[in-house]
K.L.:
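Before I ask anything, here is the structure I am working with.
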Amino acid sequence: QGACSPGSMEVQCRRSAAFDCMPQPAACCPDWMAGLPDALPLSRLSIPGTHDSLSLFGSRRLRCQSWGLEAQLAAGVRFLDVRCKLARGELHIYHLCTFQRASLRGVLRRTLHFLRAHPGEAVLMRIKEELPIFPRPGFAARLHRCLLEEGQGRVWCREEVPTLGQVRGKIVVLEALAREVLGIPYEQLSISDAWNVLSLERKWARARRHLERAAGGDPTTMHLTFCSGNGLFTCPEEVARFVNPRCYQHLRRRGGQPVRWGVVIMDFPGAGLLRLIVESNAPWASGHITAAPSTPTVPLRQPHSRGDRRRSRHSSTHCPRRCPSGQMLLPAPRLCRRTSAPVEQKRISSSCWAPGSL
């Protein structure tokens, strides 16, 4: 065989089935939820997600994704991790102190635009105040107002975990506020988010244990496993290059059978890893994914792997290439007092799959 061209070598370095830091995904899967039964609770699904979903700008230590919001949704991502700061009366998207050139209003509009084109889908959205030394007193009120004004009656802000049929075409909020309930209470979910990575092996071991806990755990409890991380001697991309292939191989061993992995949250996910998560919803998940032309995906070699916490811490609406596009209204979002005790007292804060129809 002839030698690989420099361009091919660069693609191999930047894209595999499990890891992808190219500007667009290799395949799209915008309607994978459409074929699932309405009666399925979200807690029983395997859902691909991204950590710090809008973190596209800044240094290598800050960037967590290479695909814009619309590209992530078209690729099949259905959990978004949105970090906001209240500045000049508006909620803007930040990663640490770096502005990510977006606002929460814009994120809501773009997500709802996607959902109008793909009404069989639902998007989980964790909305969090980014790094508050002292929580801004107006953050919760501004978030409430933003959801009222931009949500168009298509935002789930109730405490109970809904069925898929209840939230098709809608955004499901997972709240992370200090005292108010504004969606599914985030800290009452089963969460593994060992974000501060000192050892890549230990990071993957913790993520793997929580994936197995999700697969065999209470089906009424939502499980969120963060495969992402950062650290003093590493960065999000390096963590993803190590963890994502191991996650891919772990899920692949049980490919072809229904497994509830819960919400699997990643930095720089590859299309193959997204597909494994989606297809674990079998027997309901069926269809095919459309690959983008001229975007080769490098097969994975078997990684050398070894052998939680209950708390956490640019593009179009269509597929990156071309995919066919595939409402029960809810009351407007409202703030109410938390009816169940928080996990701990906080001092101040905290495809194209075959389209279906309702």
K.L.:
Given 3.5 Å as the limit, does a donor-acceptor pair link the side chain of S43 with the main chain of P219, or not?
P.N.:
yes
K.L.:
Decide salt bridge (Lys or Arg N to Asp or Glu O under 4.0 Å) for E212 and R208; before the verdict, give the C-alpha distance in whole Å, the side-chain angles of both, and the deciding distance to 0.1 Å.
P.N.:
CA-CA 6 Å; E212 289 303 318; R208 183 185 59 209; over 6 Å; no
K.L.:
Is there side-chain contact between N230 and R61, with heavy atoms separated by less than 4.5 Å?
P.N.:
yes
K.L.:
Over all heavy atoms of both residues, which pair between C247 and L211 is shortest? Give the atoms and the distance, please.
P.N.:
SG-CD1, 4.2 Å
K.L.:
Distance check, rounded to the nearest 0.5 Å: L91 atom CG versus S103 atom OG?
P.N.:
8.5 Å
K.L.:
Kindly say whether E70 contributes a backbone atom to a donor-acceptor pair with the side chain of R110 at under 3.5 angstrom?
P.N.:
no
K.L.:
Strictly distance-based, threshold 3.5 Å: is any side-chain N or O of E279 a donor or acceptor partner for the main-chain N or O of G256?
P.N.:
no
K.L.:
Any side-chain donor paired with an acceptor under 3.5 Å for R116 and Q152?
P.N.:
yes
K.L.:
Given 3.5 Å as the limit, does a donor-acceptor pair link the side chain of W67 with the main chain of M22, or not?
P.N.:
yes
K.L.:
For the residue pair E129 and L143, establish whether any side-chain heavy-atom pair is separated by less than 4.5 Å.
P.N.:
no
K.L.:
Before you tell me yes or no, could you show the steps for S228 and D52 under side-chain contact (heavy atoms from CB on, under 4.5 Å), namely the whole-Å CA-CA distance, both residues' side-chain angles and the distance that decides it to 0.1 Å?
P.N.:
CA-CA 9 Å; S228 54; D52 236 314; over 6 Å; no
K.L.:
Among M222, E175, E159, find the one that has a side-chain contact (heavy atoms from CB on, under 4.5 Å) with I184.
P.N.:
M222
K.L.:
Quick one: pull up OG in S190 and CG in D218 and give me the separation to the nearest 0.5 Å.
P.N.:
9.5 Å
K.L.:
Mind listing the closest non-hydrogen atom pair of L96 and K85 along with its distance?
P.N.:
O-NZ, 3.1 Å
K.L.:
Can you tell me how far CZ of R260 sits from CG of N281, rounded to the nearest 0.5 angstrom?
P.N.:
11.0 Å
K.L.:
For G229 and V197, work out which heavy atoms get closest and say how close.
P.N.:
CA-CG2, 3.8 Å
K.L.:
So do the side chains of R241 and E237 get within less than 4.5 Å of each other, counting heavy atoms only?
P.N.:
yes
K.L.:
Begin from the C-alpha positions of F226 and H51 and carry the test side-chain contact (heavy atoms from CB on, under 4.5 Å) through to its verdict.
P.N.:
CA-CA 7 Å; F226 283 81; H51 153 260; 4.2 Å; yes
K.L.:
Measuring from I171:CD1 to T111:OG1, what's the distance to the nearest 0.5 Å?
P.N.:
5.0 Å
K.L.:
Would you call the rings of H92 and F99 parallel, tilted or perpendicular, taking 30° and 60° as the class edges?
P.N.:
perpendicular
K.L.:
Show, in sequence, the C-alpha distance, side-chain angles and deciding distance for R14 and D20, and conclude whether the side-chain contact (heavy atoms from CB on, under 4.5 Å) test is met.
P.N.:
CA-CA 6 Å; R14 300 179 64 190; D20 193 339; 5.8 Å; no
K.L.:
Would you find a donor on one side and an acceptor on the other, under 3.5 Å apart, between the side chain of D31 and the backbone of H118?
P.N.:
no
K.L.:
Please say which of V123, T50, I277 ends up in a side-chain contact (heavy atoms from CB on, under 4.5 Å) with V77.
P.N.:
T50
K.L.:
Linking I/L/V/M/F/W/Y whenever their side-chain heavy atoms sit closer than 4.5 Å, directly or via other members, would Y94 and L62 fall into one cluster?
P.N.:
no
K.L.:
Do L147 and C157 come close enough that some side-chain heavy atom pair is under 4.5 Å?
P.N.:
yes
K.L.:
Where the side chain of K203 meets the backbone of A194, is there a donor-acceptor pair that is under 3.5 Å apart?
P.N.:
yes
K.L.:
When rounded to the nearest 0.5 angstrom, what distance separates CD in Q72 from CG in L80?
P.N.:
6.5 Å
K.L.:
So, applying ring pair (Phe, Tyr, Trp, His ring centres under 6.0 Å) with F19, which one of Y248, F242, F268 is it?
P.N.:
F268
K.L.:
May I ask you to test the L54-V107 pair for a side-chain heavy-atom distance under 4.5 Å?
P.N.:
yes
K.L.:
Go through the steps for W261 and L276 under the test side-chain contact (heavy atoms from CB on, under 4.5 Å), then give the verdict.
P.N.:
CA-CA 10 Å; W261 297 116; L276 281 176; over 6 Å; no
K.L.:
Determine the minimum heavy-atom distance between G120 and M33, stating which atoms define it.
P.N.:
O-CB, 3.7 Å
K.L.:
Once the angle between the rings of H250 and W204 is folded into 0 to 90°, is it parallel (under 30°), tilted (30 to 60°) or perpendicular (over 60°)?
P.N.:
perpendicular
K.L.:
Using the ring of each side chain (for Trp, its six-membered ring), is H223 parallel, tilted or perpendicular to H210, with breaks at 30° and 60°?
P.N.:
tilted
K.L.:
Does the Q257 side chain pair with the main chain of A282, one donor and one acceptor, at a distance under 3.5 Å?
P.N.:
no
K.L.:
Going by heavy atoms in the side chains, are L104 and R142 under 4.5 Å from each other?
P.N.:
no
K.L.:
Give a yes or no on whether V172 and L164 share a hydrophobic cluster (residues Ile, Leu, Val, Met, Phe, Trp, Tyr; joining criterion: side-chain heavy atoms under 4.5 Å apart).
P.N.:
yes
K.L.:
With a 4.5 Å heavy-atom cut-off, do I93 and C84 have their side chains touching?
P.N.:
yes
K.L.:
Can you find a heavy atom in the side chain of V264 that is under 4.5 Å from one in the side chain of F79?
P.N.:
no
K.L.:
Identify the heavy atoms of F57 and Q100 that sit nearest to each other, and give their distance.
P.N.:
N-OE1, 2.8 Å
K.L.:
How far apart are the closest heavy atoms of L73 and R78, and which atoms are they?
P.N.:
O-NH1, 2.8 Å
K.L.:
To the closest 0.5 Å, what do you measure between CZ (R206) and CG (D193)?
P.N.:
9.5 Å
